[in-house]
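Read the structure below first, then the notes.
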Protein chains: 4
Amino acid sequence: MAGSLNKVQLIGNVGADPEIKSLNSGDRVANLRIATSESWKDKSTGEKREKTEWHSVVVFGDGLVKVIESYVTKGSKIYISGALQTRKWQDQSGADRYSTEIVLKPFNGELILLSGRGDGGSGAGGGGQDQGGGQAAQTQQRAPAGEIDDSIPF
Amino acid sequence: MAGSLNKVQLIGNVGADPEIKSLNSGDRVANLRIATSESWKDKSTGEKREKTEWHSVVVFGDGLVKVIESYVTKGSKIYISGALQTRKWQDQSGADRYSTEIVLKPFNGELILLSGRGDGGSGAGGGGQDQGGGQAAQTQQRAPAGEIDDSIPF
Amino acid sequence: MAGSLNKVQLIGNVGADPEIKSLNSGDRVANLRIATSESWKDKSTGEKREKTEWHSVVVFGDGLVKVIESYVTKGSKIYISGALQTRKWQDQSGADRYSTEIVLKPFNGELILLSGRGDGGSGAGGGGQDQGGGQAAQTQQRAPAGEIDDSIPF
Amino acid sequence: MAGSLNKVQLIGNVGADPEIKSLNSGDRVANLRIATSESWKDKSTGEKREKTEWHSVVVFGDGLVKVIESYVTKGSKIYISGALQTRKWQDQSGADRYSTEIVLKPFNGELILLSGRGDGGSGAGGGGQDQGGGQAAQTQQRAPAGEIDDSIPF
DNA sequence: TTTT
DNA sequence: TTTT
């Protein structure tokens with residue numbers, strides 16, 4: 001099927017320092033936990049209530065991974081956009097388990113830093129953008145969208 | 001934490017007729033399975049590849065439930081917008097399990113019908129949903145967003 | 001026509017203190033100018049280029065207006081979501097002119113504060129939420145979306 | 001400024017056959033008019049009201065232009081995502097004028113066909129767009145987002 | 001389990 | 001100028 005849209009957008013805080021791993025292919029992947037919260041006043045008791053939702057985010061693409069490595073730490077507030085993906089795996093007893101994650105890939109993911117050390121609340125890509133070469137055109141063409149991402153050399 | 005955003009948007013096809021249940025409170029809930037797909041040409045083999053992702057959607061609010069009941073069936077193409085939520089439950093062995101769903105609620109969810117029987121591809125809310133009264137203002141105010149309403153009394 | 005979507009999302013900086021006006025109806029309206037920027041490296045010269053886009057935002061609904069009044073000033077970084085609207089007007093010579101604005105209304109608009117004085121980067125609605133009454137249900141129901149908005153009494 | 005987001009999403013109907021022009025550079029550009037509508041019941045009179053909003057959309061990138069050329073006509077229902085841009089121009093009297101448009105570029109734009117002749121309601125990119133080579137990776141990586149590609153060589 |  |  002074509003003609004489908006699968007998009008998740010979060011603004012939230014990173015719950016722990018990102019975990020960055022290398023795949024056998026040499027590619028690196030970053031894993032993030034992001035919290036979003038809602039608060040409301042309970043209709044019956046009048047009390048303030050709050051509920052936090054935790055999201056697993058998986059980031060592919062060396063450009064995005066480098067941004068995360070350089071600028072994202074526990075407590076960072078970020079905007080991310082990616083796609084929902086449910087992964088099937090087997091637990092120790094061999095039973096099927098499913099995990100749903102938000103996946104960011106180079107041409108299907110955005111990350112904007114909304115807080116952080118030394119960046120004054122600006123975007124992660126605020127620093128060095130792309131550096132010409134094959135990737136430059138992509139960054140350049142994507143730039144007008146106001147997106148920050150894999151623009152640090154990758 | 002306030003200041004967070006938790007938004008999912010899908011355009012896809014409904015995989016089975018919606019399941020509608022009544023809660024003890026009398027409220028009704030609709031459950032949907034929505035498929036989104038991606039297709040691409042394999043770089044090495046040149047073959048066309050396709051991958052389908054299945055999403056569980058839970059809809060609260062009698063207005064939205066009525067739209068689903070009336071217009072959404074297996075095969076319908078719809079747009080939905082809601083929030084990600086991971087629910088914890090126990091399997092038969094008492095082990096913790098988690099399921100991630102997209103939750104639509106009256107003031108935090110949209111549904112647009114993009115195909116369907118007898119609606120000529122228009123939105124579910126195409127008909128006059130609201131009927132004045134207390135809810136009318138909400139519908140009226142939300143209407144400009146092009147959203148499908150839960151304006152049927154709920 | 002039903003079945004349409006008209007949604008704009010911005011993360012940017014406010015260019016000047018908001019202008020808040022009262023309509024004859026007694027309702028208040030806030031006007032904001034928001035800047036978004038893109039930067040990229042010029043393919044031919046290798047120079048870094050930057051382009052800023054300015055957006056006119058019009059906010060209805062006393063709840064959202066109060067948040068803006070209380071927390072948004074020149075330089076604030078905010079997320080907003082609303083609908084595109086083009087307004088026709090006549091210039092001094094009587095010629096038709098058009099202005100495109102992003103319109104936020106109570107049930108069709110979101111505002112999240114991403115920086116600001118004394119709010120530690122959290123959402124504008126982070127403080128006092130709704131206070132019961134007719135609006136409470138709406139705020140309460142919308143809260144789960146992680147949206148901040150008109151939750152200060154309105 | 002980095003760290004900004006400038007995103008517009010529409011689902012609506014195309015008001016006239018697209019206009020496709022060639023620039024001096026040889027690149028082609030497509031212009032579209034898209035209608036979105038809202039309908040609501042008037043609180044005081046109880047009458048159904050409807051308001052249509054017209055949007056100007058400008059599409060760069062030969063891939064997206066080819067999809068439009070092949071599949072989009074007057075009356076098509078489509079989803080588009082792009083960035084807001086206000087262009088300054090001079091009228092015949094030399095006075096400054098401004099036009100706000102939604103701009104889609106290869107790496108910052110999506111288009112999904114939601115109706116159309118012969119495509120059964122599927123996406124414009126339903127066919128295998130990419131053809132291996134340098135662009136293939138991009139298409140492949142973006143594909144998961146459910147986006148229509150500009151993967152036809154451009 | 002949808003759709004093309 | 002679309003669509004229901």
Side-chain angles (χ1 to χ4, degrees), chain A residues 1-6 86 98, chain B residues 10-19 31-40 48-57 67 71-80 112-129 143 146 148, chain C residues 1-6 86 98, chain D residues 10-19 31-40 48-57 67 71-80 112-129 143 146 148:
Chain A
M1 175 183 56
S4 60
L5 178 74
N6 174 358
T86 298
Y98 299 86
Chain B
L10 304 177
I11 292 175
N13 294 287
V14 175
D17 285 339
E19 290 180 19
N31 286 275
L32 293 173
R33 293 283 287 170
I34 298 182
T36 56
S37 296
E38 39 163 314
S39 65
W40 69 95
K48 201 182 162 198
R49 302 281 309 277
E50 176 159 342
K51 186 176 161 222
T52 295
E53 193 67 38
W54 286 96
H55 309 270
S56 289
V57 178
V67 170
Y71 299 108
V72 176
T73 59
K74 176 175 171 172
S76 294
K77 190 180 209 79
I78 62 178
Y79 165 90
I80 63 103
I112 299 174
L113 302 178
L114 300 171
S115 74
R117 303 150 207 285
D119 77 350
S122 58
Q129 299 292 12
I148 272 313
Chain C
M1 174 182 56
S4 61
L5 177 75
N6 175 358
T86 297
Y98 299 87
Chain D
L10 303 178
I11 292 176
N13 294 286
V14 175
D17 286 338
E19 289 180 21
N31 287 274
L32 294 172
R33 292 285 286 172
I34 298 182
T36 57
S37 296
E38 40 164 311
S39 65
W40 69 96
K48 201 180 161 200
R49 302 280 310 277
E50 177 159 340
K51 186 176 161 224
T52 295
E53 192 66 38
W54 286 96
H55 308 271
S56 290
V57 178
V67 169
Y71 299 108
V72 177
T73 59
K74 176 176 171 171
S76 295
K77 189 180 208 80
I78 62 177
Y79 164 90
I80 63 103
I112 298 176
L113 302 178
L114 300 171
S115 73
R117 303 148 208 288
D119 77 351
S122 59
Q129 300 292 14
I148 272 313

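In this text, all values refer to a predicted model and were calculated from it rather than measured experimentally. Every chain is numbered from 1, with letters handed out A, B, ... down the list of sequences.
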Self-check item: Closest listed nucleotide, where the reference is the side chain of B/R33 and the choices are F/dT2, E/dT1, E/dT4
Solution: E/dT1

Self-check item: Residue B/A16, side-chain atoms from C-beta onward, closest of F/dT1, E/dT1, E/dT2
Solution: E/dT1

Quiz item: To the nearest angstrom, how far is B/N13 atom CG from E/dT4 atom C1'?
Solution: 9 Å

Exercise. Starting at atom CG of D/N31, determine the distance to atom C1' of F/dT2, rounded to an integer number of angstrom.
Key: 17 Å

Quiz item: Is there a stack between D/W54 and F/dT1, judged by ring centres under 5.5 Å and planes under 30°?
Solution: yes

Practice problem: I would like to know whether D/R49 and D/S39 meet side chain to side chain donor-acceptor pair (under 3.5 Å); could you show each step before the answer? | Solution: CA-CA 5 Å; D/R49 302 280 310 277; D/S39 65; over 6 Å; no

Self-check item: Atom-to-atom span, CG of A/L5 to P of E/dT2 - whole angstrom
Solution: 21 Å

Quiz item: Hey, mind stepping through D/I78 and D/L114 against side chain to side chain contact (heavy atoms under 4.5 Å, CB included) and telling me if it holds?
Solution: CA-CA 5 Å; D/I78 62 177; D/L114 300 171; 5.5 Å; no

Quiz item: Under the 3.5 Å rule, do the base of E/dT2 and the side chain of B/T52 count as making a donor-acceptor pair?
Solution: yes

Exercise. Might you point out which heavy atoms bring D/G75 and D/S115 nearest each other, and give the distance in Å?
Key: O-OG, 4.4 Å

Quiz item: Rounding to a whole Å, what distance do you find between B/L114:CG and F/dT4:P?
Solution: 13 Å

Exercise. Whole angstrom is fine here: how far is it from CD in B/E19 over to C1' in E/dT2?
Key: 15 Å

